Amino acid sequence: MNPTQTKYIFVTGGVTSSLGKGIIAASLAKLLQARGYRTTIQKFDPYINVDPGTLNPYEHGECFVTDDGAETDLDLGHYERFLNVPTSQANNVTTGRVYLSVIEKERRGEFLGKTVQVVPHITNEIKERMQLLGKSGDFDIVITEIGGTVGDIESLPYIESVRQLVWELGENNSIVIHLTLVPFLAAAGELKTKPTQHSVKTLMESGIKADILVCRTEHELSDELRQKLALFCNVKREAVIQSIDASTIYEVPNLMLEEGLDIVALKKLNLPKKAAPDLKTWNTFLHRLKHPKQTVNVGLVGKYVELQDSYKSILEAFIHAGAANQTKVNVISIHSEYLDEANAAEQLQGLDGILVAPGFGGRGIEGKIETVRYARENNIPFFGICLGMQMAVIEYARTVLGLKDANSTEMNEETKHPVISLMEEQKTITDKGGTMRLGSWKCDLTEGSLAKEIYGKSQIQERHRHRYEFNNEYRKQLETAGLKASGVNPDTGLVEIIELEKHPFFIGVQYHPEYKSTVANPHPIFVSFVAAMVKHKK
Ligand code: GLN
């Protein structure tokens with residue numbers, strides 16, 4: 001065996017979805033990283049969309065964007081927030097992407113007349129992609145999360161690929177962690193192991209033996225119950241790990257440490273424990289998070305507020321920034337569709353700050369514009385992200401410049417005053433998938449601006465996901481009237497940040513700062529925004 005070989009950990013899920021495979025994967029990765037192993041996590045999703053970029057947020061939650069412009073599953077956000085290492089397109093693969101690539105190869109004649117089949121062509125493509133990051137030489141350990149639940153028709157090719165890879169990689173080079181649910185039956189007053197036993201059996205029918213069981217539970221698992229699970233699921237007693245409900249996901253790495261998940265994994269991979277995990281920064285963050293000195297209320301105004309996952313990264317960024325300020329940030333969701341001039345004051349009263357969320361399409365935008373006006377006129381700290389920034393520009397053009405029908409051409413193509421419009425190169429694009437301005441772009445900050453003060457440097461790089469832009473034809477007029485462009489792309493001249501001088505805190509950004517906020521590096525705008533809210537409250 002090659003001692004420098006990358007080791008692979010596969011994480012599968014059973015019994016039900018939503019058990020938090022992503023959090024378990026990220027927590028284990030955190031512990032391995034904290035022991036000194038270069039670790040990354042990738043997710044293989046069983047749906048046929050090529051990426052989640054075309055999925056409605058109600059269907060699949062937020063679409064997370066990486067530096068290289070990949071539109072990915074929101075679990076990649078957790079990976080980055082936990083590990084503080086950027087992910088990329090290679091970290092997220094869907095069935096759609098796998099098939100697209102195999103079909104393109106077939107069209108190019110690369111299979112030399114062979115019948116193209118799920119096994120071996122699809123499974124080979126999956127295996128190749130599963131090892132892509134491992135072969136880069138950048139990682140000691142690659143954790144692969146398999147989306148879905150074992151037994152699903154959709155995930156079969158992934159399960160078969162894992163089976164083959166485990167066999168090909170050989171002893172001690174890979175392990176399989178299976179996450180299941182141990183439900184508590186209130187009527188019987190008992191925790192039940194049968195669903196886990198069945199789930200492990202289903203996995204076994206596909207030729208995969210789980211090495212470690214992580215059992216999600218609402219109550220402590222007794223020693224007796226762990227013994228039983230070990231015996232019937234064919235794993236060692238020490239490999240039965242309890243994952244008890246936690247008050248915050250950020251607690252899970254410590255819980256896994258107590259359960260010894262990292263040690264069991266390392267042992268099975270034949271890797272040394274190295275040093276005890278260095279979790280100093282992590283635990284400082286946790287301490288601050290759990291001991292807030294004050295609370296602020298922020299209004300999150302958007303149209304996808306029914307589903308918490310739609311704004312996942314924003315909510316997490318508030319948790320990071322809250323801890324940085326030792327402040328509990330109470331996020332109050334406000335539906336922009338039901339907000340208007342008549343009820344704005346009532347709906348937005350008592351807030352210490354207002355964030356207008358990203359979004360697409362015309363539904364709910366008048367409520368967002370009204371919200372901006374309320375925050376601007378009442379000196380309430382304001383933060384607009386992407387569509388939120390565009391709404392701030394429209395509001396200023398309408399109210400202050402008096403351009404009554406100012407709009408974005410996304411909402412009204414015929415508007416007389418397209419203060420937000422499409423770039424030339426976007427005008428001919430008809431495909432929806434992967435064609436927005438995506439990924440990391442440079443931005444120069446204006447000397448003396450709030451943006452420059454917040455970031456403390458002159459040039460930044462932030463991630464984008466939008467089609468429409470600030471229309472520079474209106475820049476002079478808006479700036480003269482007090483709405484300043486304080487961040488501009490040095491190569492294209494596109495305005496990326498706007499701010500108001502005569503306001504305690506008013507900033508709008510065309511990019512998505514929330515994607516870059518991590519436990520180790522809370523995003524500076526979120527940190528300053530929370531600080532402004534604390535000040536506003538006093
Ligand atoms: N719909 C807007 C655009 O495409 C804003 C996108 C967003 O908020 N992410 O430009």
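Here the structure is a predicted model, which means the values were calculated and not measured. Just follow the structure's listing: the first ligand is 1, and inside any ligand the first atom is 1.
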Verify whether the ring centers belonging to His523 and Phe529 lie closer than 6.0 Å.
-> no
Close approach of Gln510 to ligand 1, heavy atoms, under 4.0 angstrom | no
Can you label the angle between the Tyr304 ring and the Tyr311 ring as parallel, tilted or perpendicular, going by 30° and 60°?
-> tilted
Geometric class of the His335/Tyr338 ring pair [parallel <30°, tilted 30-60°, perpendicular >60°] = tilted
Any side-chain heavy-atom pair from Arg398 and Asn407 closer than 4.5 angstrom?
-> yes
Distance-only N or O hit between ligand 1 and Gly359, under 3.5 Å = yes
Between Arg97 and Asp51, is the closest basic N to carboxylate O distance under 4.0 Å?
-> yes
Quick one: look up the protein heavy atom nearest atom 10 (O) of ligand 1 and list residue, atom name and how far away it is.
-> Tyr468 N, 2.8 Å
Can you check salt bridge (charged side-chain N to carboxylate O under 4.0 Å, His left out) on Glu337 and Lys303, steps first, answer last?
-> CA-CA 6 Å; Glu337 221 181 332; Lys303 68 172 172 182; over 6 Å; no
With heavy atoms and a 4.0 Å threshold, my read on which part of Arg465 contacts ligand 1 is backbone
Applying a 4.0 Å heavy-atom criterion (strictly less than), which segment of Glu469 is in contact with ligand 1: side chain, backbone, both, or neither?
-> neither
For atom 4 (O) of ligand 1, the protein heavy atom that lies nearest, with its residue and separation | Arg467 N, 2.9 Å
Does a side-chain N-to-carboxylate-O contact under 4.0 Å join Asp352 and Lys535?
-> no
Sub-4.0 Å heavy-atom contact, His512 with ligand 1 = yes
Any N or O of Leu387 closer than 3.5 Å to N or O of ligand 1 = yes
Mind checking whether Glu410 contacts ligand 1 via backbone (N, CA, C, O), side chain (CB onward), both or neither, at a 4.0 Å heavy-atom cut-off?
-> side chain
For atom 7 (C) of ligand 1, state which one of Ser421, Cys386, Gly384 supplies the nearest heavy atom.
-> Cys386
